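The structure appears below as structure tokens.
A quick note: this is a predicted structure, and the numbers were derived from the prediction, not measured. The figures here come from the full heavy-atom set of this structure, side chains too, leaving out hydrogens, waters and symmetry mates. Just so you know, residue 1 is the first one in the sequence shown, and it goes up from there. Both counts, for ligands and for their atoms, begin at 1 and track the order of listing.
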Amino acid sequence: MRGDFDRATIDAILDEGLVAHVGIVHEDGPVVIPTAYGRAGDELLLHGAIRNRVFASMAAGAEACVEVTLIDGLVLARSAFHHSVNYRSVVIYGRARVVEGVAAKTDALHTIVDRIVPGRWADVRQPNDEELAATLVLALPITEASAKVRTGPPVDDEADYALDAWAGVIPLRVEVGEPEPDPRLAAGTAVPDYAAAYSRPVRD
Ligand SMILES: Cc1cc2nc3c(=O)[nH]c(=O)nc-3n(C[C@H](O)[C@H](O)[C@H](O)COP(=O)(O)OP(=O)(O)OC[C@H]3O[C@@H](n4cnc5c(N)ncnc54)[C@H](O)[C@@H]3O)c2cc1C
């Protein structure tokens, strides 16, 4: 297990993750929300309604702490104490800038959508001015950031290796199901390739 400030490690985790947890200290107390996100170079992109409490606070200058975690396996040790999880996670601290202007906001939303379902953006109606005006887009610098990764088998106390208890790792991964058509989908609309062949990265 190790902490890691390497940007390639951080970016790889961010690019594979689906959900970020965004925390701030709000005037009503600490608050954390799960949210989708994107990454454009050195910035993490977030979006929400302009009245979104957490994002509006960030737009007003609140410092945020954001984490993204991937779970790779459950680590079963011979002692209760040494049970663990194989994971890859990133924590970022910082203040976001508000992404302004039609082109920049549209680009950011494009990045968020296509990062999650590559190819989707070009297939759907683009946001209109009203929708863009109702949407707050934030860009958080990925500068004060760290990654932490655990891989491999359990690490037991030497004396415990003689115990009978099974020990090892139960791998976990995201499973992709068959696309389920919207009941109101126009008859004859084919499932696009990016949905039919959708996949998530598989870790060895
Ligand atoms: C996988 C995922 C992706 C999401 N992506 C986005 C996104 O990209 N943009 C976006 O704006 N929102 C997203 N959401 C919804 C987001 O978590 C918030 O619900 C939403 O942003 C409203 O936040 P708010 O601060 O305005 O909440 P408020 O309306 O102020 O929330 C009031 C209270 O409701 C409760 N609450 C709010 N959200 C949740 C929640 N998710 N789970 C449990 N309780 C909750 C909390 O107690 C909170 O204090 C996502 C949620 C999930 C689970």
(request) Report the C-alpha distance between Phe55 and Thr35 in whole Å, list the side-chain angles of each, state the deciding distance to 0.1 Å, and finish with yes or no for side chain to side chain contact (heavy atoms under 4.5 Å, CB included). (result) CA-CA 10 Å; Phe55 295 159; Thr35 186; 3.6 Å; yes
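By the neighbour-count criterion of 12 heavy atoms within 6.0 Å, atom CG of Asp182 is densely surrounded, having more than that number from other residues, nucleotides or ligands. Heavy atoms of other residues, nucleotides or ligands lying less than 6.0 angstrom from OH of Tyr161 number more than 12. Atom OH of Tyr198 has more than 12 heavy atoms from other residues, nucleotides or ligands within 6.0 Å. Environment of CZ in Arg200: crowded, with over 12 heavy atoms of neighbouring residues, nucleotides or ligands closer than 6.0 Å.
For atom 41 (N) of ligand 1, the nearest protein heavy atom lies closer than 4.0 Å. Checking atom 44 (N) of ligand 1 against the protein gives no heavy-atom contact under 4.0 Å. Protein heavy atoms are absent from the 4.0 Å sphere centred on atom 35 (C) of ligand 1. Atom 28 (P) of ligand 1 lies below 4.0 Å from none of the non-hydrogen atoms of the protein. In this structure, atom 49 (O) of ligand 1 is in close contact with the protein, since a protein heavy atom lies within 4.0 Å of it. Of the protein's heavy atoms, at least one falls inside 4.0 Å of atom 24 (P) of ligand 1. Within 4.0 Å of atom 17 (O) of ligand 1, at least one protein heavy atom is present.
Proximity to Ile33 (heavy-atom distance under 4.0 Å) selects the following atoms of ligand 1: 17 (O), 21 (O). Taking a cut-off of under 4.0 Å to the non-hydrogen atoms of Phe55, the atoms of ligand 1 that pass are 11 (O). The distance from ligand 1 to the heavy atoms of Gly48 drops below 4.0 Å at these ligand atoms: 11 (O).
Protein heavy atom closest to atom 52 (C) of ligand 1, with residue, atom name and distance, is Pro34 O, 4.0 Å. Counting protein heavy atoms only, atom 1 (C) of ligand 1 is closest to Val19 CG2, 3.6 Å. Closest to atom 3 (C) of ligand 1, if we only count protein heavy atoms, is Ala36 N, 3.5 Å. For atom 7 (C) of ligand 1, the nearest non-hydrogen atom of the protein is Thr35 OG1, 3.0 Å. Atom 10 (C) of ligand 1 has His47 O, 3.5 Å as its closest protein atom, hydrogens excluded (heavy atom only). Protein heavy atom nearest atom 26 (O) of ligand 1, with residue, atom name and distance: Arg53 N, 3.1 Å.
Within the 4.0 Å heavy-atom criterion, both parts of Asn52, backbone and side chain, lie near ligand 1.
Judged by distance alone, with hydrogens and angles left aside, the side-chain atoms of Arg78 form no donor-acceptor pair with the main-chain N or O of Ala165 at under 3.5 Å. At least one donor-acceptor pair closer than 3.5 Å links the side chain of Asn128 to the backbone N or O of Glu130. In this structure a side-chain-to-backbone donor-acceptor pair under 3.5 Å is present from Arg150 to Gly152. Here the side chain of Arg39 pairs a donor or acceptor atom with the backbone of Gly41 at under 3.5 angstrom. A donor-acceptor pair under 3.5 Å is formed between the side chain of Gln126 and the backbone N or O of Trp121. Distance alone, capped at 3.5 Å, places no donor-acceptor pair between the Arg88 side chain and the Ala147 backbone.
Taking 4.0 Å as the cut-off, Tyr37 does not count as a neighbour of ligand 1 on heavy-atom distance. At a 4.0 Å cut-off, not a single heavy atom of Val31 sits close enough to ligand 1 to count as contact.
Put simply, CG on Leu44 and CG on Asp11 are 10.0 Å apart, with the number rounded to the nearest 0.5 Å.
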